[in-house]
Student: 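Take a look at the following structure, please.
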Amino acid sequence: MNSIAFQGEFGAYSHMAVLAAFPGQEALPCQSFEDAFAAVEEGKADLAMIPIENSLAGRVSDVHHLLPQTPLHIVGEHFLPIRHALMAPLGAELAGLRQVRSHPMALGQCRKHLRAMGLKLVSSADTAGAAREVAEAGDLSQAALASPLAAQLHGLTLLKEDLADADHNATRFIILARAALGDPPMPALTSFVFQVRNIPAALFKALGGFATNGVNMTKLESYQLGGSFAASQFYADVEGCPQDPPMVRAFEELAYFSTQLRVLGCYPADPYRQRF
């Protein structure tokens, strides 16, 4: 049986993504993103399911810094709609709640609802961990904000579901493996990171090849390296595969104006994208 590594505890949204994308396969919880990457690199897991961005909160910054350093390849993506639930020990009621625990990102995504209920917000390392902490405490005034799966695993009762302040809350996960896909089915995406040369209009010139060759870029993000405000690294997603003639020409131009360029993977696009 294949195993899929993820960051967090059982009941985390990453765990739910594993169950949705790979039903029947073993899920391997890891304490950190680094541990999940290492599990695949060392052969302890076949794949890793890693969140890379959320439609409300934006990118997962730690992952963007780890991707250029790993020998792993992106071989797929999965979008998971996020449905937060308010849960507490058996016997608890909404009127008796005083505080709610969860990951800061989850608390922020439900802030309006939670403040309207007059609850004190308490940060935890992750959503599933918050559910476990509330279950262990057994305090009827404490609740957790997590997935319905976490409530089921920890014997908590659901007091309120679909609590997000916005109804378009979804997280995009990437699937990492030791070997790259040879010829992914279409439509496909290619993800890569690069650093441009320190010359005027370098980014404009580096990306010009994608426009002139008709390659659609679906994402471009920059982030600082090593605490420097001068050196930026860019992460990008484009439609197509590196071996496509338009992409070959675009990458040739990109490489000329870049000091570093690494393709992270070419993989099939999740059908969820058709909703946009």
Side-chain angles (χ1 to χ4, degrees), residues 3-22 26-40 44-45 47-67 78-89 97 99-111 113-114 119-139 142-166 169-176:
S3 59
I4 320 296
F6 70 94
Q7 185 276 326
E9 301 184 20
F10 287 119
Y13 287 104
S14 293
H15 182 205
M16 292 185 65
V18 170
L19 296 177
F22 301 99
E26 180 185 1
L28 176 65
C30 299
Q31 185 173 4
S32 67
F33 290 126
E34 291 93 334
D35 292 337
F37 278 65
V40 181
K44 298 176 182 177
L47 303 170
M49 179 73 73
I50 303 294
I52 191 169
E53 60 186 318
N54 177 268
S55 58
L56 296 180
R59 70 186 181 200
V60 181
S61 58
D62 290 348
V63 174
H64 282 72
H65 287 284
L66 290 172
L67 280 174
H78 178 75
F79 287 83
L80 180 73
I82 303 300
R83 299 289 180 263
H84 294 305
L86 191 66
M87 58 198 69
L97 296 181
Q99 68 178 37
V100 55
R101 292 180 172 271
S102 195
H103 187 277
M105 185 178 293
L107 293 172
Q109 293 169 0
C110 304
R111 187 172 302 277
H113 280 84
L114 298 175
L119 299 178
K120 178 184 177 182
L121 310 185
V122 180
S123 296
S124 290
D126 57 58
T127 56
R132 174 181 50 78
E133 292 166 359
V134 166
E136 291 173 349
D139 185 343
Q142 292 188 25
L145 188 67
S147 71
L149 176 60
Q152 177 183 341
L153 293 175
H154 294 291
L156 299 173
T157 184
L158 296 178
L159 298 179
K160 203 166 186 178
E161 297 188 65
D162 290 333
L163 209 63
D165 294 334
N169 190 1
T171 295
R172 179 192 177 211
F173 292 81
I174 52 174
I175 302 165
L176 299 172

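When reading the values below, keep in mind they use all heavy atoms of this one structure, side chains included, and skip hydrogens, waters and symmetry mates.
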Student: Kindly determine whether Arg59 and Glu53 satisfy salt bridge (Lys or Arg N to Asp or Glu O under 4.0 Å), including the steps that lead there.
Tutor: CA-CA 4 Å; Arg59 70 186 181 200; Glu53 60 186 318; over 6 Å; no

Student: Run the ring pair (Phe, Tyr, Trp, His ring centres under 6.0 Å) test against His64 and tell me which residues pass, sequence neighbours left out.
Tutor: Tyr223, Tyr235

Student: State which residues pass salt bridge (Lys or Arg N to Asp or Glu O under 4.0 Å) with Arg111; sequence neighbours excluded, sorted by chain then number.
Tutor: none

Student: For Ala170, does its backbone N or O pair with a side-chain atom of Ser55 as donor and acceptor, under 3.5 Å?
Tutor: yes

Student: Hey, could you give me the CG/CG distance between Asn169 and Leu80, rounded to the nearest 0.5 Å?
Tutor: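 Answer for the CG-CG pair, Asn169 versus Leu80, is 9.5 Å.
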
Student: Please name all residues satisfying ring pair (Phe, Tyr, Trp, His ring centres under 6.0 Å) with Phe6, sequence neighbours left out, ordered by chain then number.
Tutor: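 Residues passing ring pair (Phe, Tyr, Trp, His ring centres under 6.0 Å) with Phe6: His15.
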
Student: Quick one about His84 and Tyr13 (side-chain donor to acceptor, distance below 3.5 Å, no hydrogens or angles considered), yes or no?
Tutor: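 His84 and Tyr13 do have a side-chain donor-acceptor pair below 3.5 Å.
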
Student: List the atom pairs, donor and acceptor, that lie under 3.5 Å between side-chain atoms in residues 123-135 and the rest of the protein, sequence neighbours left out.
Tutor:
unit_1: Ser124; atom_1: OG; unit_2: Glu133; atom_2: OE1; d: 2.9
unit_1: Asp126; atom_1: OD1; unit_2: Ala128; atom_2: N; d: 3.3
unit_1: Asp126; atom_1: OD1; unit_2: Gly129; atom_2: N; d: 2.4
unit_1: Arg132; atom_1: NE; unit_2: Glu9; atom_2: OE1; d: 2.9
unit_1: Arg132; atom_1: NE; unit_2: Glu9; atom_2: OE2; d: 3.2
unit_1: Arg132; atom_1: NH2; unit_2: Glu9; atom_2: OE2; d: 2.8

Student: Not counting sequence neighbours, which residues clear ring pair (Phe, Tyr, Trp, His ring centres under 6.0 Å) with Phe37? List them please.
Tutor: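 Ring pair (Phe, Tyr, Trp, His ring centres under 6.0 Å) check on Phe37 returns nothing, list empty.
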
Student: Rounded to the nearest 0.5 Å, how far apart are SG of Cys110 and CG of Asp165?
Tutor: 6.0 Å

Student: Any pair with a residue in residues 143-155 that passes side chain to side chain donor-acceptor pair (under 3.5 Å), sequence neighbours left out, goes on the list, sorted by first then second residue, please.
Tutor: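 Not a single pair qualifies under side chain to side chain donor-acceptor pair (under 3.5 Å).
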
Student: Could you tell me the separation between the CD atom of Gln109 and the CG atom of Asn54, rounded to the nearest 0.5 Å?
Tutor: 4.5 Å

